[in-house]
Chemist: 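Following this message is one structure expressed as structure tokens.
Values in this document were obtained by computation on a predicted structure and should not be read as measured data. Values below: every heavy atom of this structure, side chains too, minus hydrogens, waters and symmetry copies.
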Amino acid sequence: MVPENSSSVTEFILAGLTDQPGLHIPLFFLFLGFYAVTVVGNLGLVTLIGLNSHLHTPMYFFLFNLSLIDFCYSTVITPKMLMSFVSKKNIISYSGCMTQLFFFLFFVVSESFILSAMAYDRYVAICNPLVYMVTMSPQVCLLLLLGVYVMGFSGAMAHTACMLRLNFCANNLVNHYMCDILPLLERSCTSTRVNELVVFIVVGIDIGVPTVTIFISYALILSSILRIRSTEGRSKAFSTCSSHIIAVSLFFGSGAFMYLKPSSLLPMNQGKVSSLFYTIVVPMLNPIIYSLRNKDVKVALKKTLNKNSFS
């Protein structure tokens, strides 16, 4: 007899991104390419920042952690997704599904807060440049980072604990390429009201708090930039923030569209496409956005390559 609070299924079948067999092989190679770029880009940026002492500043400290987070949560999702393109049934165990859900949520919530920490860093750098190194001391940076990971852990635990209390039906086909909150709730035989409330509150906090922080930071940054008289100074200040603005827009836009819209207005197939942006595309684009538009990273890359060539 299955206990009341435990699941009646031992495994789930992930439906994958599409049910059209003719698209499986092209999509496999497309997303394999995306994953390769994600791994090389993010681990490359992590290595570059670690090896170059002139990049050991608060801005690159947060960028280092952003790249690490992007690599980790892409790795939690993409390999299992690729399996759905080459196997008849993409089966994942119940415990494996809950583990994937926890780590996906941990990294995705951590990303939202690391982006807000980066916005605060840019605010201090542009609005209070004379006290930047004092305000963004190593101790402050570590406390901010601790807050990022505590929020990530809290959000992941809240959702995963609520998911573990549900009883799942014999129909264990999950209409997604990963174990995400909303598709799993569709497979529940018990009431999901508590889970839906937790989704609304926790996701509201995890998107709302960073969004408000970022908006306030950039409102103050914009006000400061408009007071700069020289065109060159304004251009330099805008270019410092442009990479971050692009990354924030992609991440929060797709995340809010997926989770903060009623499920009746967003069919799951559209939700799968929307979730591709923050699970696959954003982790791939972040190192490209931050490196190609960043002179310090380009210089560090040239120095590192020159050192290796000389050796």
Side-chain angles (χ1 to χ4, degrees), residues 9-44 69-94 96-105 107-108 111 163 168-188 246-247 249-289:
V9 299
T10 56
E11 62 186 26
F12 293 100
I13 300 169
L14 299 176
L17 189 61
T18 178
D19 56 1
Q20 298 180 39
L23 294 175
H24 283 185
I25 298 302
L27 286 175
F28 173 82
F29 285 107
L30 175 66
F31 289 109
L32 181 62
F34 282 177
Y35 183 58
V37 173
T38 301
V39 171
V40 172
N42 284 294
L43 291 186
I69 289 168
D70 279 337
F71 165 73
C72 289
Y73 93 76
S74 180
T75 299
V76 167
I77 301 302
T78 312
K80 194 63 183 171
M81 176 191 179
L82 291 173
M83 287 292 294
S84 66
F85 297 128
V86 294
S87 58
K88 288 183 180 179
K89 278 188 179 181
N90 191 15
I91 296 171
I92 185 169
S93 66
Y94 175 80
C97 186
M98 293 301 120
T99 302
Q100 186 189 56
L101 177 69
F102 174 82
F103 282 106
F104 160 65
L105 292 169
F107 290 119
V108 84
E111 171 132 352
M163 197 63 71
F168 292 96
C169 305
N171 180 7
N172 60 347
L173 179 65
V174 177
N175 186 20
H176 213 292
Y177 56 83
M178 64 177 182
C179 290
D180 200 358
I181 300 167
L182 301 182
L184 284 172
L185 293 183
E186 289 184 347
R187 298 274 66 88
S188 174
I246 294 167
S249 302
L250 284 170
F251 181 77
F252 284 105
S254 56
F257 185 73
M258 177 68 185
Y259 289 102
L260 296 183
K261 206 172 182 181
S263 56
S264 58
L265 298 179
L266 184 65
M268 191 49 66
N269 286 338
Q270 289 183 30
K272 284 194 278 188
V273 174
S274 174
S275 63
L276 279 175
F277 282 95
Y278 66 87
T279 57
I280 308 293
V281 178
V282 170
M284 179 187 70
L285 290 180
N286 276 347
I288 298 171
I289 291 168

Chemist: Considering non-hydrogen atoms only, spot the tightest contact between Gly22 and Pro26 and give its length.
Modeler: O-CD, 3.5 Å

Chemist: Tell me, do Asp180 and Thr279 make a side-chain contact under 4.5 Å, heavy atoms counted?
Modeler: no

Chemist: I'd like to check the ring-ring contact (aromatic ring centres under 6.0 Å, His included) partners of Phe34; sequence neighbours left out, ordered by chain and number.
Modeler: Phe31

Chemist: After noting the C-alpha distance and the side-chain angles of Leu184 and Phe12, does the key distance pass the side chain to side chain contact (heavy atoms under 4.5 Å, CB included) rule?
Modeler: CA-CA 9 Å; Leu184 284 172; Phe12 293 100; 4.2 Å; yes

Chemist: Testing the basics here: between Ile13 and Ile91, what is the closest heavy-atom pair and its distance to 0.1 Å?
Modeler: CG1-CG1, 4.2 Å

Chemist: Is any side-chain heavy atom of Leu14 closer than 4.5 Å to one of Tyr177?
Modeler: no

Chemist: Nearest 0.5 Å please: distance from the OG1 atom of Thr78 over to the CE atom of Met178.
Modeler: 10.0 Å

Chemist: Name all residues meeting the side chain to side chain contact (heavy atoms under 4.5 Å, CB included) criterion together with Thr18; count only those two or more places apart in sequence or in a different chain, and write none if there are none.
Modeler: Gln20, Leu23, His24, Leu27

Chemist: For a side chain to side chain contact (heavy atoms under 4.5 Å, CB included) check, start with the C-alpha distance between Asn286 and Glu111, then their side-chain angles and the critical distance, and finish with the verdict.
Modeler: CA-CA 11 Å; Asn286 276 347; Glu111 171 132 352; 3.2 Å; yes

Chemist: Rounded to the nearest 0.5 Å, what's the gap from SG on Cys179 to CD1 on Ile77? Could you check?
Modeler: 8.5 Å

Chemist: Distance check, rounded to the nearest 0.5 Å: Ile25 atom CD1 versus Leu30 atom CG?
Modeler: 12.5 Å

Chemist: Could you tell me the separation between the CZ atom of Phe168 and the OH atom of Tyr94, rounded to the nearest 0.5 Å?
Modeler: 5.5 Å

Chemist: Flag the pair Ile92 / Val174 as yes when at least one side-chain heavy-atom distance between them is below 4.5 Å, and no otherwise.
Modeler: no

Chemist: Which heavy atom in Ser74 sits nearest to a heavy atom in Pro283, and how many Å separate them?
Modeler: CB-CB, 4.2 Å

Chemist: A side-chain contact here means heavy atoms from C-beta on lying under 4.5 Å apart; do Ile181 and Met163 qualify?
Modeler: yes

Chemist: Counting only heavy atoms not in Phe28 (residues, nucleotides, ligands), do more than 12 fall under 6.0 Å from its CZ?
Modeler: yes

Chemist: Apply side chain to side chain donor-acceptor pair (under 3.5 Å) to Tyr73 and list each qualifying residue two or more places apart in sequence or on a separate chain.
Modeler: none

Chemist: The criterion is side chain to side chain contact (heavy atoms under 4.5 Å, CB included); which residues satisfy it with Val40, sequence neighbours excluded?
Modeler: none

Chemist: How long is the straight-line distance from CG of Asn172 back to CZ of Arg187, given to the nearest 0.5 Å?
Modeler: 8.5 Å

Chemist: Name all residues meeting the side chain to side chain contact (heavy atoms under 4.5 Å, CB included) criterion together with Val39; count only those two or more places apart in sequence or in a different chain, and write none if there are none.
Modeler: Tyr35, Leu43, Phe71

Chemist: Report the distance from atom CG of Asp70 to atom OG1 of Thr75, rounding to the nearest 0.5 Å.
Modeler: 10.0 Å

Chemist: Could you name each residue pair satisfying side-chain hydrogen bond (donor to acceptor under 3.5 Å, both in side chains) that touches residues 82-92, not counting sequence neighbours?
Modeler: Lys80-Asn90

